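What follows is a short report on a single structure.
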Amino acid sequence: NRKNEAKYKYVPQVEINENEPRNEEWGKNFPAEYQSFLQTEQGDFASFQGGNAMRDMLEEDTRLAVLWAGYGFSKDYNQGRGHQYAVEDIHNSLRTGGPKGNGDGPMPATCWTCKSPDVPRLMNEIGIAEFYSGKWADKGEEIVNPIGCADCHDSKTMKLTITRPALVEAFEVMGKDINKATHQEMRSLVCAQCHVEYYFNKNTPGKEGVPYLTFPWKDGMSVEAMEKYYDDMNFKDWTHKLSKAPMLKAQHPGYETYLTGVHADRGVSCADCHMPYKSEGGQKFTDHHIQSPLNNVANSCQVCHREEAEKLRSNVYERQQKAAESRLKLEDALVKMHVEAKKCWDLGATEEQMKDILMDIRHAQWRWDYAAAAHGASFHSPVETARVLASGLDKATEGRVKLARLLADLGHNKPVEMPDLSSKEKAQEYIGLDMEKLTKEKEEFKENLLPKWLEAAKKREATYGSKQVSAAQ
Amino acid sequence: NRKNEAKYKYVPQVEINENEPRNEEWGKNFPAEYQSFLQTEQGDFASFQGGNAMRDMLEEDTRLAVLWAGYGFSKDYNQGRGHQYAVEDIHNSLRTGGPKGNGDGPMPATCWTCKSPDVPRLMNEIGIAEFYSGKWADKGEEIVNPIGCADCHDSKTMKLTITRPALVEAFEVMGKDINKATHQEMRSLVCAQCHVEYYFNKNTPGKEGVPYLTFPWKDGMSVEAMEKYYDDMNFKDWTHKLSKAPMLKAQHPGYETYLTGVHADRGVSCADCHMPYKSEGGQKFTDHHIQSPLNNVANSCQVCHREEAEKLRSNVYERQQKAAESRLKLEDALVKMHVEAKKCWDLGATEEQMKDILMDIRHAQWRWDYAAAAHGASFHSPVETARVLASGLDKATEGRVKLARLLADLGHNKPVEMPDLSSKEKAQEYIGLDMEKLTKEKEEFKENLLPKWLEAAKKREATYGSKQVSAAQ
Amino acid sequence: MNLKKKEILPNKGSRWRPVAVVMIASLVGLGFFMAKEASLVSYMSNKPEACVNCHVMTPMYNSWMHSSHREYANCNDCHVPHDNTFNKYYFKAKDGLFHASIFTARMEPEVMFMREASQEVVQNNCIRCHVQQVTQTKYDGWIDDHKANRTERKCWECHQEIPHGTVHGISTIRNNIAPIPTDTLTTVIPKWLDNRINKKN
Ligand SMILES: [Ca+2]
Ligand SMILES: [Ca+2]
């Protein structure tokens with residue numbers, strides 16, 4: 001019918017292949033979206049706790065190093081920046097270490113999944129489980145384009161599309177069909193491909209041994225449901241270096257927490273706030289400069305709210321400040337628990353004596369992380385965030401009382417000395433990190449291996465070419 | 001001019017005197033408002049945690065008896081009901097005891113302040129400090145009309161007016177002039193005469209010894225500001241019977257918490273939700289059936305929100321449930337602290353050893369009460385309510401750890417046995433209340449003294465008369 | 001009844017009868033086909049997606065999608081009379097036929113305007129929802145002539161951004177793409193991924 005005929009008003013310049021990873025190519029057909037997308041390169045906006053500037057979280061809050069002792073995040077952790085930096089930042093992060101070549105380094109290939117439109121391309125070429133297999137370094141030369149068009153769009157129809165298997169599989173496990181999603185839901189689901197809590201499941205039936213990217217949503221998305229999910233399968237992300245607790249890491253459960261807020265309840269999507277309409281030269285289009293809406297209150301919030309920008313901004317800050325206040329109290333308690341637990345071990349506590357305490361620590365920190373890791377959550381869903389933090393504080397009370405009793409039993413009935421956390425360096429030293437070594441390894445990687453990756457990628461992409469659309473069409 | 005002429009469409013039937021306490025008299029001129037006002041007599045609506053039905057809070061949550069051990073509220077505490085019941089309920093409450101005549105009974109005259117339009121009348125007749133002086137029983141025959149027109153309206157202009165000195169004085173102390181309040185602010189301030197935290201100050205300069213009704217707003221209205229205010233003046237409402245902590249009681253800080261919510265931020269007043277407009281016979285008037293808006297979502301919420309009533313109701317319940325979850329956790333911790341502190345005393349702890357612990361208990365319970373006592377707060381301001389509860393949980397953690405250490409010092413390094421709180425009766429027995437005696441005293445009061453009060457009042461009011469307005473006017 | 005039957009179908013014995021049956025059946029079938037092709041049933045609904053079955057309505061859909069009114073009002077809330085049910089469907093049918101004929105004739109202008117009848121409908125609908133604000137006397141004082149303006153001018157003369165934004169025309173939404181649910185042939189998972197996930201190992 002005519003609708004299908006006329007689907008495109010625009011005059012395409014090039015033909016875009018399925019899974020085309022090069023954003024510039026798409027940009028030839030969609031210059032407005034591309035130009036705005038390029039702006040995610042900006043790094044000059046800092047809000048109370050967000051923005052696109054580089055913010056060293058371990059520096060801003062040195063407790064974090066203690067909370068993550070023995071885990072990658074204690075080495076390096078920054079605020080998320082614009083999508084354009086996704087690949088650069090994972091190159092630079094000390095968490096990915098300094099691999100010297102294939103098979104080397106601390107991280108699995110799965111880490112690439114949310115960083116680039118090269119991912120769907122490569123998954124299509126070699127297979128999903130194959131993509132997840134091996135080390136991060138093994139796929140270094142395949143993945144070079146930062147998050148872009150092919151992550152969210154169908155190249156033929158430009159419709160929103162889901163390119164990450166983990167989200168599709170998570171929907172299946174929940175008994176839902178993602179193809180039934182409404183248009184408005186899709187405007188959030190494309191984000192839910194990445195802005196969600198995940199873990200690497202090494203026991204996926206048929207894919208045993210592969211760190212298979214999985215979203216733990218089977219029993220629900222609440223902090224309790226996911227905790228139960230992990231508890232039931234005896235999963236842990238790592239063993240805490242000080243307390244020896246079997247820890248969980250919550251990574252940015254942005255979509256999950258957003259769903260519990262009033263905006264989601266009213267059908268407001270991620271794109272409504274982070275990708276509002278914009279007019280340029282008499283034309284309206286979706287602003288692909290995904291960023292903090294506080295840098296663009298007029299186009300985002302004020303479409304729906306008629307209050308002044310200053311007031312809206314302070315609404316956000318107030319919610320963030322209140323959450324931060326409770327969050328920091330919980331962090332203090334967690335630091336104490338880890339250090340007190342260490343003291344117990346030092347004084348000869350038994351596994352049996354420590355068992356319950358370690359579970360309290362696991363659960364309290366999991367709740368803290370669930371509320372803290374999605375930087376937007378304290379605004380997206382302030383009431384749920386507060387509830388989760390309060391439940392974490394409750395777990396901490398239980399744990400600390402048990403610790404006090406055990407310490408008394410072990411002959412130490414007084415406050416345990418706390419480490420000096422006045423700087424990131426001191427905190428990292430306390431947890432036994434050799435930062436000099438880590439930094440040096442990273443430097444070497446960037447000098448030796450990284451240039452080779454980029455070189456190889458350039459060669460590969462040169463073979464892709466660019467198919468001009470004949471003017472006649 | 002015509003505008004002033006037209007100010008009153010109505011044809012007044014009677015002339016209303018200044019401070020006319022009889023609502024029926026006002027009702028003759030304003031039948032629509034009066035008829036709706038009478039509906040606060042209804043008692044058939046119960047929501048998740050509110051409504052106008054009689055709800056015995058000590059029965060619904062037996063922990064409360066322990067939290068208030070040694071204080072009136074542990075004897076009897078019900079959910080607030082309609083304004084029509086204000087006088088009846090204070091007669092019936094076991095808190096006011098069973099006075100046998102003037103000068104008898106546990107409560108001061110100040111207790112009448114928020115129950116009746118007889119209060120402004122009597123204050124005008126005898127003076128403010130004189131009103132507050134003496135026992136509750138002393139003024140029993142003066143105060144008989146439940147909360148009504150003269151509490152909020154000027155009898156000449158029908159404008160909203162402030163009739164309670166405590167609110168005026170509190171504004172003065174804060175350096176504000178209540179006469180500068182806008183019309184919309186007045187639609188909340190009339191409620192703020194009563195729905196606020198208060199205490200009886202016996203050291204008001206010039207009024208020493210009189211339990212002078214005072215709102216503790218000098219340093220601000222936040223939970224911290226009021227706490228500091230009380231701490232600075234070494235004020236306590238009572239000494240806890242079990243823990244011996246110097247306790248504070250937060251009474252319904254409804255206005256204070258409301259101010260921190262988003263509705264207040266957007267200028268929505270108490271009356272917007274609790275007294276929406278209503279039409280009857282083509283006439284629009286303010287619905288004086290003050291009640292839970294959940295019994296009237298269509299006229300209240302849906303004026304501003306287009307969502308279905310069921311959704312709006314569940315928005316409210318969800319916020320209340322989340323607050324209740326954290327609140328109950330804090331209550332559990334508080335019960336433990338009181339019982340553990342009692343154990344310490346029993347084991348011979350010294351004042352010195354207990355000092356810090358008792359302050360932790362005081363502060364934790366103050367925060368709990370601030371968040372709990374204003375029944376509407378978990379919806380009026382869910383984020384602030386959650387913040388306050390989390391800060392209470394934090395204080396509880398500190399206190400309980402200190403208690404565990406002290407108990408270990410005192411030779412009891414294990415959980416302290418908790419009382420059986422499976423019913424209100426058991427809880428009240430545990431804290432040493434002789435309920436039989438209290439109930440009997442109340443019965444006697446209702447049989448002997450109360451009828452005399454009502455008789456005397458009837459006689460007095462018969463002298464007031466009713467001045468018909470001549471039809472010609 | 002009898003009369004109708006007679007007019008439509010030849011006598012039982014007639015040799016025209018089988019031919020007529022086939023012809024009528026194909027006409028009905030064609031009707032159904034056209035109805036389906038044009039997603040006729042969806043026009044009975046209030047779903048905004050229905051309007052977008054026609055691509056020239058997509059810009060309006062997309063701008064509405066990005067407007068504050070999305071939360072409160074769909075196309076029909078504004079563009080169809082709400083005074084009584086008959087009027088509603090009558091107007092819809094009339095309007096639909098008008099749109100369809102213009103559309104089929106490919107005569108749609110680049111920049112559309114509401115016809116006067118439509119304007120009146122929309123104006124009335126603005127007032128229907130905003131009667132409280134519109135009648136609020138508090139605006140009388142400080143907006144000059146607001147009373148006259150409110151009654152004599154179109155609301156969107158002032159509230160220009162409601163709800164399609166201040167830029168109009170069917171090409172003014174860049175890369176104007178129809179929303180997903182109107183076209184149930186496509187899924188949101190690309191074929192390659194579907195194959196990959198469902199590939200049995
Ligand atoms: Ca995780
Ligand atoms: Ca008080």
Side-chain angles (χ1 to χ4, degrees), chain A residues 1-10 18-19 29-33 120 123-124 127-129 154-155 157-165 168-169 172 177-184 186-187 189-190 206-207 266-268 271-272 276-277 279-280 282-286 302-306, chain C residues 34 36-39 47-49 52-59 61-63 65-72 103-104 106 161 163-201:
Chain A
N1 59 17
R2 248 193 85 200
K3 179 162 182 190
N4 286 333
E5 278 167 43
K7 227 163 217 163
Y8 305 110
K9 287 208 131 359
Y10 76 99
E18 192 178 20
N19 292 322
N29 286 351
F30 308 104
E33 287 80 5
M123 281 185 171
N124 185 26
I128 298 167
D154 182 286
S155 63
T157 64
M158 281 313 283
K159 287 193 173 177
L160 294 178
T161 181
I162 301 299
T163 57
R164 297 303 193 273
V168 180
E169 290 155 355
E172 268 167 21
D177 181 355
I178 202 166
N179 284 314
K180 299 240 166 74
T182 64
H183 178 217
Q184 181 64 355
M186 282 302 287
R187 289 162 51 88
L189 284 172
V190 289
K207 321 270 158 75
R266 300 292 194 259
V268 182
D272 283 325
Y277 255 10
S279 292
E280 253 174 25
Q283 286 213 315
K284 286 180 277 201
F285 65 99
T286 299
Q302 286 180 331
V303 168
C304 300
H305 298 283
R306 294 156 55 74
Chain C
M34 282 168 68
K36 187 183 182 292
E37 183 67 3
S39 310
K47 284 222 171 94
E49 285 79 13
V52 203
N53 281 320
C54 176
H55 78 272
V56 295
M57 289 293 109
T58 308
Y61 177 91
N62 280 336
S63 53
M65 184 75 187
H66 285 265
S67 81
S68 63
H69 277 79
R70 184 192 73 213
E71 302 296 311
Y72 307 107
F103 183 65
T104 314
R106 308 202 173 199
E161 76 289 4
H164 301 294
T166 47
V167 176
H168 294 263
I170 52 178
S171 310
T172 50
I173 289 188
R174 196 133 30 173
N175 309 319
N176 188 38
I177 286 156
I180 291 149
T182 49
D183 195 348
T184 42
L185 297 176
T186 57
T187 62
V188 305
I189 309 175
K191 213 169 253 122
W192 71 262
L193 182 56
D194 204 35
N195 291 341
R196 279 292 181 190
I197 289 181
N198 292 323
K199 204 175 71 187
K200 300 278 166 280
N201 306 43

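Fair warning: this is a prediction, and the values are worked out from it, not measured in the lab. Quick note on labels: first sequence line is chain A, next is B, and so on, each numbered from 1.
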Given heavy-atom pairs under 4.5 angstrom as the criterion, report whether the side chain, backbone, both or neither of [X] touches chain C.
X      : result
A/R164 : backbone
A/V268 : both
A/E280 : both
A/V168 : side chain
A/N19  : side chain

Exercise: identify the closest heavy-atom pair between [X] and [Y]:
X      : Y      : result
C/R196 : A/M123 : NE-O, 3.2 Å
A/C304 : C/S68  : CA-CB, 3.9 Å
A/Y277 : C/S63  : CE2-CA, 3.9 Å

Got a second to check how far A/E172's CD is from C/N198's CG, nearest 0.5 Å?
->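 Spacing of CD (A/E172) from CG (C/N198) equals 6.5 Å.
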Look up atom CD1 in C/I197 and atom CD1 in A/I128, then write down how far apart they are to the nearest 0.5 Å.
->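 With rounding to 0.5 Å, CD1 (C/I197) is 5.0 Å from CD1 (A/I128).
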Quick one: does C/L193's side chain get under 4.5 Å of A/P120's, heavy atoms only?
->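 They are not in side-chain contact.
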Show your reasoning for whether side chain to side chain contact (heavy atoms under 4.5 Å, CB included) applies to C/I189 and A/I178.
-> CA-CA 8 Å; C/I189 309 175; A/I178 202 166; 3.6 Å; yes
When heavy-atom pairs shorter than 4.5 Å are enumerated against chain A, which of C/H66, C/R70, C/H69, C/K191 gives the highest number?
->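 Highest number of pairs under 4.5 Å: C/H66.
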Whether A/K284 side chain and C/N62 backbone form a donor-acceptor pair below 3.5 Å =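 No, because the side chain of A/K284 does not come within donor-acceptor range (under 3.5 Å) of the backbone of C/N62.
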Chain C interface, residue from A/H305, A/Q302, A/Q184, A/R266 that has the most non-hydrogen pairs under 4.5 Å |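 Looking at each option in turn, the highest pair count goes to A/Q184.
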Residue of the set A/N179, A/T163, A/D154, A/L160 for which side-chain contact (heavy atoms from CB on, under 4.5 Å) holds with C/V188 =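 Answer to the side-chain contact (heavy atoms from CB on, under 4.5 Å) test with C/V188 among A/N179, A/T163, A/D154, A/L160: A/N179.
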